[in-house]
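In what follows, every chain begins at residue 1, and chains take the letters A, B, ... in the order their sequences are listed.
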Amino acid sequence: MPLTIATWNINSVRLRIESVARFVEAYRPDILCLQETKCMDGQFPLADLRKMGFDHIAIHGQKGYHGVAIASRYAFRDPERKPFFGKEDARHISVVLADGPATGTRIHNFYIPAGGDEPDPAINPKFAHKLGFLDEMEAWDGLKVGDAGNRSILVGDLNIAPYEHDVWSSKQLKGVVSHTPLERRRLIEVAKAGQWVDMMRELTPEPEKLYTWWSYRSPDWAAANKGRRLDHVWVSPTLGPAMRGFEIVKDARSWERPSDHAPVIATLDL
DNA sequence: ATGTCGAAGAATCTTCGA
């Protein structure tokens, strides 16, 4: 039985709820994980998502910034909202599927801090936050998924493009936050510590370019194609054999009033 | 390499964060 899971940094779920509906109508994900919902829980458009067929929704929002949500066609249990780096800033939510082909699978949805502009933790507290967040992810037993009985999926905007061909020019971006050598190494170490499989890179190895984000600041983003792979789908080793494919829905980046991120939809066969 | 966005508070622009 196939399971489809999508991840999308929507950059305001209220502003772009029509784009969410358009994506869901076209791609029918079983599970939709959103980041940067940018609203308090009481403002979240629950009714709209229910209309799209998601009967089960877990949200973790706050005013104005960040915010994550998991919308599912299948029931789930044990929702968890973990604070990182001593901050209650709505960057993680997790549930365990209680119905459907992936019953028992834990889903993690992350929004890792962007990290500001200056890649030096001594002078930039946002970069220190990003590195501290990665430290806590690496140390958290909840993300150690190597056991044979463990079925877990981690998705989200991880705000790091770890490999050379995850950016349009590794040389030109080597000093730019999201692709500094330190961040690249640390994200790979976080994945390794939990024994996570980077599904997109497993199915589409380097040197093929993969991007999920194109800056708003590029006047002709599609022609320039100066993208980065900031959005990720990781699976526990047990789910490795179930990986079937994924699609970066680049088309959505050119919809009216778009998010700067494209959705990624992954298919597993369980 | 700093171009564009979005939220929010007090206006019809500014500040912050990305």
Side-chain angles (χ1 to χ4, degrees), chain A residues 7-23 33-45 48 59-69 83-92 109-121 123-134 155-162 166-181 183 187 211-232 250-264:
Chain A
T7 179
W8 196 4
N9 179 321
I10 196 63
N11 189 15
S12 174
V13 68
R14 289 177 295 171
L15 193 66
R16 270 181 263 286
I17 192 65
E18 292 308 318
S19 295
V20 174
R22 180 174 173 182
F23 169 69
C33 296
L34 298 172
Q35 304 86 34
E36 282 208 88
T37 53
K38 289 190 172 176
C39 64
M40 293 183 285
D41 290 350
Q43 304 171 311
F44 192 92
D48 297 277
I59 56 181
H60 187 193
Q62 62 171 26
K63 190 192 266 187
Y65 302 110
H66 323 316
V68 287
F84 284 82
F85 206 65
K87 291 178 188 283
E88 294 287 350
D89 60 350
R91 295 180 181 276
H92 169 260
N109 180 14
F110 274 95
Y111 177 54
I112 292 182
D117 288 331
E118 190 57 54
D120 181 352
I123 60 170
N124 175 11
K126 290 180 197 165
F127 196 70
H129 180 200
K130 186 176 200 173
L131 295 177
F133 198 102
L134 292 166
V155 303
D157 176 4
L158 306 187
N159 264 318
I160 297 171
D166 291 338
V167 295
W168 62 277
S169 168
S170 193
K171 266 183 194 160
Q172 286 179 255
L173 293 176
K174 70 175 190 294
V176 174
V177 171
S178 76
H179 193 65
T180 61
E183 291 167 87
L187 189 69
Y211 311 142
T212 65
W213 174 88
W214 294 262
S215 172
Y216 282 130
R217 295 181 195 175
S218 188
D220 195 351
W221 69 273
N225 198 25
K226 293 178 173 178
R228 305 178 201 171
R229 184 171 74 110
L230 303 180
D231 303 276
H232 296 263
K250 188 177 178 181
D251 186 49
R253 182 62 180 78
S254 59
W255 293 352
E256 195 180 350
R257 220 167 35 162
S259 167
D260 46 355
H261 294 253
V264 180

Inset, instruction - Just jot down the side-chain contact (heavy atoms from CB on, under 4.5 Å) partners of Arg14(A), sequence neighbours excluded, or say none. - result: Ser12(A), Cys39(A), Gln43(A), Pro45(A)

Inset, instruction - Output yes when at least one side-chain N/O atom of Ser12(A) is less than 4.0 Å from OP1 or OP2 of dA7(B), else no. - result: yes

Inset, instruction - List for me each residue that meets ring pair (Phe, Tyr, Trp, His ring centres under 6.0 Å) alongside Tyr111(A), sequence neighbours excluded, and say none if there are none. - result: His66(A)

Legend entry - Residues forming a salt bridge (charged side-chain N to carboxylate O under 4.0 Å, His left out) with Asp89(A), sequence neighbours excluded: Arg91(A)

Inset, instruction - Scan nucleotides 13-18 of chain B nucleotide by nucleotide, 5' to 3', and note B when protein non-hydrogen atoms come under 4.0 Å of the base, S if they reach only the sugar-phosphate, - if neither. - result: ---BSB

Inset, instruction - Could you tell me which residues satisfy ring pair (Phe, Tyr, Trp, His ring centres under 6.0 Å) with Phe85(A), sequence neighbours excluded, listed by chain and number? - result: His129(A)

Legend entry - All side chain to side chain donor-acceptor pair (under 3.5 Å) counterparts of Trp255(A), not counting sequence neighbours: Asp251(A)

Inset, instruction - Report the distance from atom CE of Met40(A) to atom P of dA7(B), rounded to the nearest whole Å. - result: 13 Å

Inset, instruction - Starting at atom CD of Gln62(A), determine the distance to atom P of dA7(B), rounded to an integer number of angstrom. - result: 14 Å

Legend entry - Distance test, side-chain N/O of Arg16(A) to OP1/OP2 of dG6(B), below 4.0 Å: yes

Inset, instruction - Check whether any side-chain heavy atom of Arg229(A) lies under 4.5 Å from a side-chain heavy atom of Pro162(A), and answer yes or no. - result: yes

Inset, instruction - Can you tell me, in whole Å, how much space there is between the C1' of dA11(B) and that of dA7(B)? - result: 15 Å

Legend entry - N-glycosidic conformation, dA10(B) - syn within 90 degrees of 0, else anti: anti

Legend entry - Of Gln43(A) and Trp168(A), the one whose closest DNA chain B nucleotide lies more 5': Trp168(A)

Inset, instruction - Taking atom P in both dA10(B) and dT14(B), compute the distance separating them and give it to the nearest angstrom. - result: 16 Å

